[in-house]
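Only one structure is covered here, and it is reproduced in the block below.
When reading the values below, keep in mind they use all heavy atoms of this one structure, side chains included, and skip hydrogens, waters and symmetry mates. Below, chains carry the letters A, B, ... as their sequence lines are ordered, and counting in each starts from 1.
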Amino acid sequence: MSNLTNTGSNTTVSSGGLPSRRNTELAMLVFAVLVPVFAYANVGLAINDELPSGMLGYGFGMVLLAGVGHLVVRRYAPYADPLLLPLATLLNGLGLVLIWRLDQSERLRQRAESLFGSFSPDAPKQLMYSAIGLALFVAILLLLKDHRVLQRYTYISMAVGLVLLVLPVFFPPVNGARIWVKLGFINLQPGEFVKIIIAVFFAGYLMVKRDALALASRRFMGLYLPRGRDLGPILVIWALSLMILVFETDLGTSLLFFGLFVIMLYVATERTSWIVFGLLLSAGGATVVATFEPHVQDRVQAWLHPFAKETIESTGSDQIAQSLWAFGSGGVLGTGWGQGNSDLIGFAANSDFILATVGEELGLTGMMAVLIIYGLIVERGVRISLAARDPFGKLLAVGLSGAFGLQVFVVAGGVMGLIPLTGMTMPFLASGGSSVLANWALIGILIRISDTARRPAPAPAPSPDAEMTQVVRP
Amino acid sequence: MNKPLRRIAIFCGLLVLALLVRTNWLQFVQADELKTDPKNRRVDIARYAQPRGNIIVDGKAVTGSTVVNGTDFKYKRTYKNGKLWSPVTGYASQRIGANQLEKLYDSFLTGDDDRLFFNRTIDMITGKPQKGGNVVTTLNAKAQKAAYDGLGDKKGAVAAINPKTGAILALANKPSYDPSTFAGVSGEDGEKFKKLDDDEDQPMLNRALRQTYPPGSTFKVVTAAAGLESGDYDLDSKTDSEDPYRLPNSSTDLGNEGNNPACKNASIRVALQWSCNTVFAKMSDQLGNDKMIEEAEKFGFEKDVKGGTLDPDLDTPVRPAKSIYPKDNRPQNAMAGIGQASNRATPLQMAMVASAVANDGKLMKPYMVDQLVAPNLNVVEQTKPEELSRPVSSENAQKLQSAMETVVEKGTGKSGQIPGVTVGGKTGTAQHGENNKDNPYAWFISYAKTSDGSPVAVAVVVESSDTLRSDIAGGKLAAPIAKGVMEAVLDGKH
């Protein structure tokens, strides 16, 4: 199982001294800062015909965030993967520009004023959350010297994770989904943090139980079927995710939660049967829930017939149609920053639907670039998992990157009408404190695992025997 | 653990690939469809982002554009003297949509038309905003005003045509509406439209083109044309017509207005002069339903849907309502010969009847758009007059002219006389409602003639007026309006 002896070319593990690649990271960070700064200038020029007044502040903020991130990685995780930090910084920076651009929208301003009496821009908040997110990232690198420490908190994670999952039930739903926890002036979306905490729990749990789950099985039609009693955990998780769906009407978290478990179970046990089993369970569960849950039915209806008058009337929203029109109107090259009308989406234009603005203003070209950046983050994560030397690190890394990948797919697919919309945020791009914080934490943990994985193995302890044989005395 | 990890890597790659394929599908394959989807508000935003081209009458725009604040539709339509011109322009409302010329030439007015591609490209390269083209109409501002003012506060419509070309000179409607009142996108605009739409007086009904009326005695010109064309009758030879005339297969007797003794066995000229019901009812019966239909069709009746496809023959380009002369039994056909049965005609149709007679039997296709002019003033399209049919021979047309001139000179249409100008006309008073209980429709169709042919043919209809019923005869109510229109056109000629 252990990967220590793997000398294949597709792993970065080697006992020899690897280049730390910190300078590569720095060079890419320069671009990751420059691109959003230029984008910011571009929006200002397009909308107001002048460079935005916050240009200096924003540029300085971006440089500071990237600089601090880089210095901390250089000092505390010198062997970390060089791509993750620049990619996350780029997305975070582009997200800030997109949110700022939508803050300039007259339409959204009027909408907010007529609905809530006042309009408050989201970009300054997002900048603050980005700073807090980066602080969280730094804290993780400083405090978490070795990711294996997390293994100790397997069952605590489970408890915390469950509490966070259940918590939103006790708070009033916002726009049809119970995914919020309102504590005074702080609104949290616990689902964003749950994916990390639950991944820690699954990694710890599966590392211990994987032999039992993998080996004790019966062969049936070419598949290894698990024993009845080993089905317990997966059924529990399945039931839980269905309950999330029913009680919190949160399709996204439910899907993410279950998908994460199936992926990690499969990696831990190497049994394809779990995948088949998982897919059957989720398909069955989703179908059953969809028959009586109107919230889910609405989403499916909007997915199948986005432009139908009945859909817009019955769901009370034409978001999907507006989103598709935004994508289509962007075409190949897009309208250019600040020149689209993606704000027609109205509600959630700068959070769940932020990709529509990318699609309209940056076009197919921009969409491909953004999707590939997400793809790169996921693939770097899986690669870190391949490179990790301990099973816990492997499971955690694949869990985190799998969750990230699923979230991207579920949100982007929903916004583009590929699958029913689930109501989750686009990591890093979308406006929302919980999302930014959680995703910076996720990147922090991945960087920590990759640093551990790529760190040169300690020099073998001097062997007294070897010394003896080498010393030849006349 | 590495084998499943690689598979997970592939799985994640496939997820991203699915998203990439989807975005290509949306933004490349389906892009145009989504972009031009009429429900996509961007289509309307772009459409109202620049001033709309204008509709021109006599070298002056009767439309305009104005900047509005507080909406994403930058320019909205304005109309100069909207009530006067709305039967011609139609409306272009951001909330409701458009109709008539505004609708038919929408892409030309917005500048999206293919024929403006070159202009558009030049503007795009030089960084100028897109401009719309202008639609130049054939209308005559003076004639239109004379028609509109002539109707006063009575309900009715006027259509005037240049018989030589078919160019429409006037198209007036009363009551009318001002399309500027609901040109915007606000809820208030919607309410104003609804109020007009619900109005009992139907101000938005374009009566001149879209409303059919029983043509009454004006239809006798068509019956006379059919009689002359058959060869069985001549202009001045006596007919064999009893007075009163008993309708075939019926016990109903038909008499004449004021029991005019001249109607008995009257010739076509005399019968037209005094508008004798008995003569033309009998003529219609003798010619038979088929021949009457055939003649009416030559004048433009029954042109609408042919063999399942729309017959564009009468598109002006705004499509008029179909004027009808249906198959019917003998007594009904006899009554139809005096325009008093199931046959119906639009004012435009009756103007066409007058114009065909005035143009020596040649019926020209009526049209109201003369030119389409690009923003750089190039003429992109020029309408050429087209002959539609020949309802009567030139010889018979001249006979009819002579008869119609007698009507104005010393018959029922004296109030249509214009000093020094030859005018031919025919009055009509069509019954309205069962047993004529409602006020009848007053009709007058006429043409004026100068040395080089006829420059104008008019049809006027005045709906139920508040005037005493005895007063309502085409000659009294409708003829002065027609006279005003003809004078307005002739004024321009001198």
query: Under a 4.5 Å heavy-atom cutoff, which of B/Leu20, B/Thr36, B/Val21, B/Val16 has the most pairs with chain A?
result: B/Leu20
query: Under a 4.5 Å heavy-atom cut-off, does chain A meet the side chain of B/Leu17, its backbone, both or neither?
result: neither
Residue, of A/Gly363, A/Gly405, A/Gly381, that accumulates the most heavy atom pairs under 4.5 Å with chain B: A/Gly363
query: What residue in A/Asp318, A/Thr269, A/Asn341 has the most heavy-atom pairs under 4.5 Å with chain B?
result: A/Asn341
- line: Separation between CD1 (A/Ile275) and CZ (B/Arg7), nearest 0.5 Å, reads 9.0 Å
message: Whether the side chain of B/Lys39 engages the backbone of A/Phe307 through a donor-acceptor N/O pair (distance < 3.5 Å, no angle test) should be reported.
response: yes
- request: Please indicate whether B/Glu188 has more than 12 foreign heavy atoms, meaning atoms of other residues, nucleotides or ligands, lying under 6.0 Å from its CD.
  value: no
- prompt: Can you find a heavy atom in the side chain of B/Asn40 that is under 4.5 Å from one in the side chain of A/Ser329?
  reply: yes
- prompt: With respect to chain B, which residue among A/Gly402, A/Ala397, A/Gly375, A/Gly359 yields the maximal number of heavy-atom pairs within a distance under 4.5 Å?
  reply: A/Gly359
- prompt: Where do A/Leu324 and B/Leu34 come nearest, in terms of heavy atoms and distance?
  reply: O-CD1, 3.4 Å
task: For residues B/Ala31 and A/Gly331, report the shortest heavy-atom separation together with the two atoms involved.
output: CB-CA, 4.3 Å
Atom pair CG (B/Leu19) and OH (A/Tyr374), whose distance is rounded to the nearest 0.5 Å: 11.0 Å
Side chain B/Gln27, main chain A/Val332, donor-acceptor under 3.5 Å: no
Pairwise distance CZ(B/Phe11) to CD1(A/Ile263) - rounded to 0.5 angstrom: 5.5 Å
query: Near B/Lys80 NZ, under 6.0 Å, is it more than 12 heavy atoms from other residues, nucleotides or ligands?
result: yes
task: Would you give the length of the straight line joining atom CG of A/Leu344 to atom CG of B/Asp72, rounded to the nearest 0.5 angstrom?
output: 6.5 Å
statement: Assert top hit (heavy-atom pairs under 4.5 Å, partner chain B, pool A/Ala326, A/Pro391, A/Gly334, A/Ala321) equals A/Ala326
field: Pairwise distance CG(B/Asn2) to CG(A/Leu386) - rounded to 0.5 angstrom
entry: 5.0 Å
- request: Report the distance from atom CZ of B/Arg22 to atom CZ of A/Phe327, rounding to the nearest 0.5 Å.
  value: 9.5 Å
